[in-house]
Every structure is written in C-alpha cells, then in structure tokens.
Amino acid sequence: MDQGPVLLVVAHGSRDARHAATVYALVERVRSLRPGLRVETGFLDFNLPSVPAVLESLAGDGVREVVALPLLLTRAFHAKADIPAVLREAPPVLRVRQAEVLGPSPLLMAALERRLYEAGLCPADKATTGVVLASAGSTDPEAIAVIASFAREWRRTGWRAVRPAFASARLPRTQDAVRQLRALGCERVAVAPYVLAPGFLPDRIARGAADADVLAEVLGSAVEVARVVLQRYDRAGVRSMSAVGA
C-alpha cells in the first residue's frame, strides 16, 4: 500500500548530545501517530546522518518522493537558504518538496501551555501570571515579527502578560523580560522556552530564568509538536509545488 512520500525531518544538529536524543524522540512520536509512514532524520551539522547522506540512501532504496521538513519554529536563514541549498543537491531521481517550518501554530501554543502546567502552574493562575516567551533569537526581521505576533496572540488567551525574549541576536534577554514582568506587577513570572531541544541557547534561557517563579521544559517530543510535523507533511504532500531546484 502506498504510504505517500517519505518524510525527512531536517534538524540543525548540535554538539550537545541532548539535541539529537530529543530529535529522535520526537521522530518516534511522529511514527507512533502515523504507523506505516516512513520517517527519516538528517542533520545539517554536528550530527550524523547528514541530510545529503540520507537523500543518497533513499534514492538507493528506490524512493522517488520526499517531503523534507525543517525542524524549525521560525522561517529564518536555515529555512530560507541552508536547507534549500542542501536539497537542491539531492540525487536527480528524487522529487524533494520542502515543507513549511513548524511555527506558528495553535498546537505549539497548546504545547507551551502544557509545559507550563507540568512545571507547576494551573489554568487558574493565568490571569495573574506574566509569561516570557523565550526563543533562540534571529537576525531575520520576519522571524522576529512572527515571535512578537505569537506572543500577542498567546496573551489574548488569558495570561496577565506575555513578553518575547531572545537568547541571541536580539533583545530583550530572558532575564530582562522577567524584570519587566515583575515591574508590571505580575504575581508570578513564568518562562516558556520556545525551543525544540536542549542545547547551548536553551541553557542560556534557563540561566536567564533564575529569578522567575516557573521555568518550563523545552517543547521536545510533545505530542502537539508531532502533530504539527504531520500537518506540515500533509500540506506539502498535497499542494501543487515544483521540485526543489526546478
């Protein structure tokens, strides 16, 4: 039975072993939600297998259709430049479609909220709690604008306030946003890392959350994230689009 194109999850990679372990846990969650779908993992840097190696292997297996999904929360440099460049070098027998990045999505908002509840908050706390939406950061104005819009939308679900913060490239830093929310009069301040896996920048976010009341875990292998992965795969698989590089 034809299960559709192979799903290739494209992760950034990291020297931190927790990164790859989290990526693989998320991929296993995706497989559990869509039995029969072939899901492979490739890394842009630091970890193996590399994306080119996975594409070569798929071509050798007789695969002809691939949906490459950037495991990214915003559409910045990696999604706009690095990944398309790698995919253009795929074996010519493969038709490779690049799916959209994961964010923004209501499911990601739900995952962030669930992580906060797992860290000790409850729904009754929302009206008196300020949340720092702490992302890795980017020099891409589009990515920053999306984070700011996401924070405003999340605030409208009932939180006292939601402020974006960035671990690199942009200000404010997490600790500055925590202080801003204290000054605003929030009874408690929570930090929600808007990142997928542990690593250098998430550790910086955690250090910046030292004066917060609550620090949530990274999104990781949350079922909501896995569902977004499949949503992006399905959308890329059914829409009419040219092969990468065509």
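- Applying the 4.5 Å side-chain rule to ILVMFWY residues, one finds Phe200 in the same cluster as Leu201.
- When atom types are taken as modelled, the side chain of Arg97 and the backbone of Val66 share no donor-acceptor pair closer than 3.5 angstrom.
- More than 12 heavy atoms of other residues, nucleotides or ligands sit less than 6.0 Å from atom CG of Asp45.
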Which pairs of donor and acceptor atoms, one on a side chain in residues 119-127, lie under 3.5 Å apart (sequence neighbours left out)?
residue : atom : partner : partner atom : Å
Asp125  : OD2  : Cys122  : N            : 2.9
Lys126  : NZ   : Glu113  : OE2          : 3.0
Lys126  : NZ   : Thr157  : O            : 3.1
Lys126  : NZ   : Thr157  : OG1          : 3.4

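- Looking only at atom types and distance, the side chain of Arg188 has a donor-acceptor partner in the side chain of Thr129 under 3.5 Å away.
- Ion pairing between a basic and an acidic side chain is recognised when a charged N comes within 4.0 Å of a carboxylate O; Asp176 and Arg179 show such pairing.
- At a threshold of 4.5 Å between side-chain heavy atoms, the hydrophobic network of Ile, Leu, Val, Met, Phe, Trp and Tyr places Leu26 and Leu112 in one connected group.
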Donor-acceptor pairs are to be reported for all side-chain atoms of residues 46-58 against protein atoms at under 3.5 Å, with residues two or more places apart or in another chain.
residue : atom : partner : partner atom : Å
Asn47   : OD1  : Ser14   : N            : 2.8
Asn47   : ND2  : Ser14   : O            : 3.4
Ser50   : OG   : Ala53   : N            : 3.2

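- No salt bridge links Glu187 with Arg160; every basic N to acidic carboxylate O contact stays at or beyond 4.0 Å.
- The existence of a salt bridge linking Arg170 and Asp140 is excluded, since no basic side-chain nitrogen approaches an acidic carboxylate oxygen closer than 4.0 Å.
- At a threshold of 4.5 Å between non-hydrogen side-chain atoms, the residues Leu72 and Leu102 do not count as touching.
- Leu219 has its side chain within reach of Tyr194: a pair of non-hydrogen atoms, C-beta onward, lies under 4.5 Å apart.
- Comment: Arg156 does not engage Glu153 in a salt bridge, judged by the lack of any side-chain N to carboxylate O separation of less than 4.0 angstrom.
- In this structure the side chain of Leu87 reaches within 4.5 angstrom of the side chain of Gln98, judged on heavy atoms.
- Among residues at least two apart or in separate chains, side chain to side chain donor-acceptor pair (under 3.5 Å) pairs with a member in residues 219-233 are Arg114-Glu224.
- Between Glu100 and Arg235 no salt bridge is recorded (no basic side-chain N to carboxylate O distance below 4.0 Å).
- Through direct or indirect side-chain contacts shorter than 4.5 Å among Ile, Leu, Val, Met, Phe, Trp and Tyr, Val178 is connected to Val132, Leu181, Leu184, Val189, Val191, Val195, Ile205, Leu215, Val218.
- Around the CZ atom of Arg15, the shell of radius 6.0 Å holds no more than 12 heavy atoms that belong to other residues, nucleotides or ligands.
- Partners of Thr139 according to the side-chain hydrogen bond (donor to acceptor under 3.5 Å, both in side chains) rule, which considers only residues two or more places apart in sequence or in another chain, do not exist here.
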